[in-house]
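Note sheet for the following structure.
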Amino acid sequence: MTILGIDEISYGAGDLATCKRFFSDWGLQLTEENSHNLIFETQDGGRVRVLDPQMGSLPPAMEAGPTLHQVVWGVDSEASLAALRTRLQSAPGFVDLAGRVLCTDPMGLSVGFQVSPRRAVAVRGSGANPWGARTRVNQASPVYERATPIEIGHVVFFVVDLDATEAFYASLGFITSDRYPGHGVFMRCAPRGGHHDLFLLRSPHGRNGLNHVAFAVRDIHEVFGGGLHISRGGWATQLGPGRHPISSAYFWYFKNPAGGLIEYYADDDELTEDWQPRSFTPGPTVFAEWAIAGGIDGHTRRQHGTAADGEFLTEKR
């Protein structure tokens, strides 16, 4: 049984006009729209649904306000879906639909599984030239004016019952990559793949809820280009750009009108069956090796509030 990753997420948010503008700026393709429903796609066909929760077509939310209501994971085959169907029959909220199995996880989140319809994409990030392994030859690195996310990379939640939630996903085949003992666990959905598809954090406020959804882009240059474009659009940075020392990924977090935070990331660690989970003590320097508070202004390309001083040779005095 192989879970491939996230096929679809569904937000409940009342201000669809603002969400439409935000996700379009984010670089997703709008594929469907009506008075109470928006559907966007990533490059590989991962779907982001934004629905008006007053219309009653969403499963219940974990928390009040705009937030994530459902995550649907893709599997590799009908045999894998059948195995999950058997495992989940006794789970709360179990529903067996045509081509999709649904249940409710210990957080109260609606979780689904289906044979993945996502498509392979011919996308390659820029090569790097570290000392001793110079792979980018006679080729300049790209500059992106905006991002076009490749896939929905991972989801992160605040969890009241961390042990029960970790056990639920472990029973479905998720594997621990690293952990904050007693405080959080990074999990990937298959033995081989990116550092994590799911991150569970013990809730600091006694409620289950969304922390953020992350979208993978080509490379660090697209993290910057996408973030600068979002900044030019007037959307607020939460933190970034920066770099995570645990997953090695470069990141930039923004506030999301559909709920929680949203992240561009690139260059995370690739793990295999041989990886041994590590333990970390939570703290600011564990979360970020470095990070820029308040983001970078999309027009000046500098930190907000920092003016050009004319000292660079390319600038007018």
Side-chain angles (χ1 to χ4, degrees), residues 6-42 45-74 88 91-114 117-118 149 152-161 165 168 198 200-201 203-215 230 233-236 238 253-263:
I6 300 169
D7 274 2
E8 180 180 285
I9 57 174
S10 295
Y11 289 97
D15 190 349
L16 293 187
T18 297
C19 291
K20 177 183 177 180
R21 185 166 67 87
F22 178 80
F23 284 111
S24 297
D25 284 349
W26 192 249
L28 303 182
Q29 180 68 40
L30 181 64
T31 60
E32 186 176 325
E33 177 183 9
N34 57 43
S35 61
H36 58 273
N37 180 47
L38 302 169
I39 299 179
F40 297 88
E41 285 192 0
T42 57
R47 300 209 317 168
V48 175
R49 303 169 69 231
V50 187
L51 295 91
D52 183 344
Q54 300 301 317
M55 299 306 295
S57 57
L58 281 166
M62 300 177 292
E63 59 185 341
T67 191
L68 204 62
H69 285 239
Q70 186 177 72
V71 178
V72 177
W73 300 84
L88 294 171
F94 176 78
V95 178
D96 188 359
L97 301 174
R100 182 177 286 187
V101 174
L102 299 170
C103 70
T104 304
D105 77 2
M107 294 182 288
L109 176 72
S110 175
V111 180
F113 298 89
Q114 65 183 17
R118 288 186 294 146
I152 307 166
H154 62 260
V155 287
V156 180
F157 297 102
F158 292 120
V159 184
V160 173
D161 194 337
T165 308
F168 171 82
L198 176 68
L200 305 173
L201 276 167
S203 176
H205 40 57
R207 302 186 303 275
N208 295 311
L210 173 65
N211 180 284
H212 74 268
V213 176
F215 289 77
I230 293 295
W235 307 106
Q238 176 71 15
Y253 294 93
F254 289 86
K255 297 177 182 179
N256 182 357
L261 303 177
I262 192 166
E263 176 191 11

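Since the model is a prediction, treat every value here as computed from it, not as a measurement.
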Apply the test side chain to side chain contact (heavy atoms under 4.5 Å, CB included) to residues Val159 and Asn208: give CA-CA distance (whole Å), side-chain angles for both, the deciding distance (0.1 Å), then the verdict. CA-CA 5 Å; Val159 184; Asn208 295 311; 4.2 Å; yes

Holding to ring pair (Phe, Tyr, Trp, His ring centres under 6.0 Å), I want the full list of residues that pass it with Phe22, two or more places apart in sequence or in another chain.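 For Phe22, the residues satisfying ring pair (Phe, Tyr, Trp, His ring centres under 6.0 Å) (neighbours in sequence not counted) are Trp26, Trp235.
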
Sub-3.5 Å donor-acceptor pair from the side chain of [X] to the main-chain atoms of [Y], do we have one?
X	Y	result
Ser203	Arg207	yes
Asn256	Gly260	no
Asn211	Val156	no

Which side-chain hydrogen bond (donor to acceptor under 3.5 Å, both in side chains) pairs, counting each pair once, include a residue from residues 64-74, with sequence neighbours left out?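 Non-adjacent pairs meeting side-chain hydrogen bond (donor to acceptor under 3.5 Å, both in side chains): Glu63-Thr67, Gln70-Ser110.
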
Under the side chain to side chain contact (heavy atoms under 4.5 Å, CB included) criterion, do Thr42 and Leu28 qualify, and how do the steps go? CA-CA 5 Å; Thr42 57; Leu28 303 182; 3.8 Å; yes

Shortest non-hydrogen contact from [X] to [Y]?
X	Y	value
Leu16	Asp52	CD2-N, 4.2 Å
Leu88	Cys103	CD2-SG, 3.9 Å
Leu58	Ser10	CD2-CB, 4.0 Å
Thr165	Pro106	OG1-CB, 3.7 Å
Glu33	Leu38	CG-CD2, 3.5 Å
Ala13	Pro53	N-CD, 3.5 Å

For Phe254 and Asp25: C-alpha separation, side-chain torsions, deciding distance, then whether side chain to side chain contact (heavy atoms under 4.5 Å, CB included) applies. CA-CA 12 Å; Phe254 289 86; Asp25 284 349; over 6 Å; no

Would you please classify the geometry between the Tyr11 ring and the Phe23 ring as parallel, tilted or perpendicular, with 30° and 60° separating the classes?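 Phe23 and Tyr11: tilted rings.
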
How many angstroms lie between atom [atom1] of [X] and atom [atom2] of [Y], to the nearest 0.5 angstrom?
X	Y	atom1	atom2	value
Thr104	Leu109	OG1	CG	8.0 Å
Phe158	Met107	CZ	CE	12.0 Å
Asp15	Lys20	CG	NZ	12.5 Å
Leu68	Phe157	CG	CZ	5.0 Å

Go through the side-chain N and O atoms of His154 and Glu263 and say whether any donor and acceptor fall under 3.5 Å apart.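 Present: a donor and an acceptor within the cut-off.
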
Walk me through whether Met55 and Leu51 qualify under side chain to side chain contact (heavy atoms under 4.5 Å, CB included). CA-CA 8 Å; Met55 299 306 295; Leu51 295 91; over 6 Å; no

Salt bridge between Arg118 and Asp7, side-chain N to carboxylate O under 4.0 Å?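 Answer for the salt bridge query: yes.
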
Pair Arg47 + Glu32, salt bridge at N-O below 4.0 Å: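 Not counted as a salt bridge, because no side-chain N and carboxylate O are separated by less than 4.0 Å.
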
Option passing side-chain contact (heavy atoms from CB on, under 4.5 Å) with Val50 (candidates Pro257, Pro66, Cys19):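 With Val50 as partner, side-chain contact (heavy atoms from CB on, under 4.5 Å) holds for just one option, Cys19.
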
